[in-house]
Enquirer: 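Would you mind keeping the following structure in view while I ask a few things?
We count residues from 1, following the sequence as given. These numbers were taken from a predicted model, which means no experiment stands behind them. Counting starts at 1 for both ligands and their atoms, in listed order.
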Amino acid sequence: MTAAPLPAPTDPDPTFAELLAARPHLTRHAFDGLVMEEVPLARIAEVAGTPSWVYSAGTLRRRLGALRRALDGAGLAATIHFAVKANPCLAVLRVLAAAGAGADVVSEGELRAARAAGIPASAIVFSGVGKTERELRLALAEDILQINAESAEEVEAIAALAAALGRTARVALRVNPDVDARTHAKITTGRGENKFGVAISDAPALYARMAALAGIEPVGVAVHIGSQITAGMAAYRAAYAKVGALVRELRAAGLPVARVDCGGGLGIPYRDEPAPLPEALAGAIRAGLGDLGLPVMLEPGRWIAGPAGVLLASVVREKRGAAHRFVVVDAGMNDLVRPAMYEAWHGMLPVAPEALVAPLSPAEVVGPVCETGDTFARGRALPAMQPGALVAFLDAGAYGAAMSSTYNLRPLAAEVLVDGARFAVVRDRQGYDALLAGQRLPPWLAPPQEPAR
Ligand code: LLP
């Protein structure tokens, strides 16, 4: 573990009313219970079943707009490239594309999703430490805005490929500023020991090499120091100061720098922890890079999409355990892995109107997957829950569906987009045929036998 410990949560947990007050797209109606924008979540469960991911289009637009205003307000010429890894749902990407967002992609699949959602190639940046030749070929064929190279080896590979294809790759160099973003160790990326980017001390020589290579047009410097950054702006400021100094050095050497990619990582309050506002991030960018007079790019994922989504689930049953009251739901760690993987705290609200005001007692909220880690919440104050009662796990719009799996052979959940009073299932629940599709039994495998005694 290298990250400093996260601040201890303040006890007790926020109340239902406090959770709701911080999430304006969710309201409690006396008859309809929990409502997203203008659509009762119970209505969505009737149509789409559970578990289902539900996204608020209005929230996606509002947050993109808030980020843009903060950058404009700081006097920055900035473009926003949504980190598709946070939520690759085509309908989500389309909402953001229609509001003017570009994309940050890290795989052929994400590049294809961004294009399928209508994001122009000229607004797509390709990041990632392990881009394959096939992926680079596609990026070059699509003539995307920018490839962020993460190593000297990758620079050479891109140059060779581009030259062979008769193309010029616009390449930014991702540097590793060796700062500690003080986030969870599994999602910090800007430490010298991490696999990402090149050491800032190696950057000038490598950038000069990029400028000398046929097939590469060096366009700038990229940096991304980690995700769910809530511990203040110090790490961002330190990173951008180092990048600013690097850009000055590159310019002094006569090398062209067209823009700086400032990465993503802005954290959100999942519980009630203080989290920085976009204005603070814009201020940090301005402090480190403002005097360069360059356009900047941002690659936010979580800050835009996280609060916009919930995971809607049904209670299967309550179970009295030896030590605890368990509320067993029909969503599992295969759907939302963040609690199991990062000890993440997700708010949870019952959907029924009466449940939001009923007496509470602590419960362990668990899924059906055969692992103890399949626990969404511990000691969470909840009302008595009947089988079939609906619950919403909050802030599940980023790294929710995106990280889900079919572990325990559970089909991928449906996805639903809410926009004002309208909603649509934008991804069907995976069917059982699809779940087994593509598997074959080789004819030379022996047929099944009666189980041996
Ligand atoms: N740019 C790059 C190069 C990245 O690696 C990432 C995230 C982003 C942008 C977007 O970061 P964001 O603004 O969303 O923090 N699965 C983890 C988060 C992993 C983030 C990986 N990289 C979680 O659920 O917390």
Side-chain angles (χ1 to χ4, degrees), residues 3 6 53 60 63-64 67 79-88 92 96 101-107 110 114 124-131 146-151 154 172-177 181-191 194-198 221-231 235-236 239 243 260-271 273 275-276 278 281 285 296-309 311 333 335-346 376 393-405:
L6 294 171
W53 306 93
L60 293 166
R63 296 185 73 85
L64 179 65
L67 203 48
T79 50
I80 297 177
H81 304 263
F82 177 65
V84 173
K85 64 170 77 71
N87 191 325
V92 166
L96 295 172
D104 164 51
V105 303
V106 293
S107 68
E110 289 188 2
I124 297 178
V125 48
F126 200 149
S127 308
V129 73
K131 299 175 215 78
Q146 172 176 318
I147 299 172
N148 289 351
E150 299 232 7
S151 63
E154 187 182 17
L173 186 60
R174 176 163 174 191
V175 297
N176 185 324
R182 296 185 56 213
T183 182
H184 194 284
K186 283 181 186 163
I187 53 175
T188 191
T189 52
R191 300 291 306 265
N194 298 140
K195 68 179 175 180
F196 300 97
V198 302
V221 177
V223 67
H224 170 79
I225 57 174
S227 193
Q228 183 53 12
I229 297 172
T230 53
Y236 274 122
V243 169
V260 176
D261 181 343
C262 297
L266 191 61
I268 59 171
Y270 281 97
R271 196 172 178 277
E273 62 275 42
L281 177 59
I285 295 173
V296 297
M297 303 162 63
L298 227 66
E299 301 171 350
R302 186 192 320 265
W303 198 87
I304 290 176
L311 173 59
M333 65 187 285
D335 300 301
L336 179 63
V337 76
R338 302 193 70 260
M341 193 155 175
Y342 313 113
E343 297 84 37
W345 192 99
H346 279 263
F376 289 112
F393 293 99
L394 306 180
D395 308 313
Y399 308 109
M403 293 179 78
S404 57
S405 76

Enquirer: Between CG of Leu298 and CG of Leu67, what distance do you get to the nearest 0.5 Å?
Expert: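 Rounded to the nearest 0.5 Å, the CG-CG separation comes out at 5.5 Å.
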
Enquirer: Counting only N and O atoms by type, is there a donor-acceptor contact under 3.5 Å from the side chain of Asn148 to the main-chain atoms of Arg174?
Expert: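 No; zero donor-acceptor contacts below 3.5 Å.
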
Enquirer: Heavy-atom contacts with ligand 1 below 4.0 Å: which residues, ordered by chain and residue number?
Expert: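 Shell around ligand 1 (4.0 Å, heavy atoms): Ala83, Lys85, Asp104, Arg174, Ile187, His224, Ser227, Gln228, Gly264, Gly265, Glu299, Pro300, Gly301, Arg302, Arg338, Tyr342, Tyr399, Met403.
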
Enquirer: Out of Tyr270, Phe376, Trp53, which residue meets the ring-ring contact (aromatic ring centres under 6.0 Å, His included) rule with Phe393?
Expert: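 Looking at Tyr270, Phe376, Trp53, the match for Phe393 under the ring-ring contact (aromatic ring centres under 6.0 Å, His included) is Phe376.
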
Enquirer: Does Arg302 reach the main-chain N or O of Gly267 with its side chain, forming a donor-acceptor pair under 3.5 Å?
Expert: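 Looks like no, no N/O pair under 3.5 Å.
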
Enquirer: Which residue is it: Tyr342, Tyr399, Trp345? I am looking for the one with a ring-ring contact (aromatic ring centres under 6.0 Å, His included) to His184.
Expert: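 Of the listed options, the one satisfying the test is Tyr342.
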
Enquirer: Under the side chain to side chain donor-acceptor pair (under 3.5 Å) rule, collect the residues that match up with Thr79, sequence neighbours excluded.
Expert: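 Checked Thr79 against side chain to side chain donor-acceptor pair (under 3.5 Å); matches are His81.
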
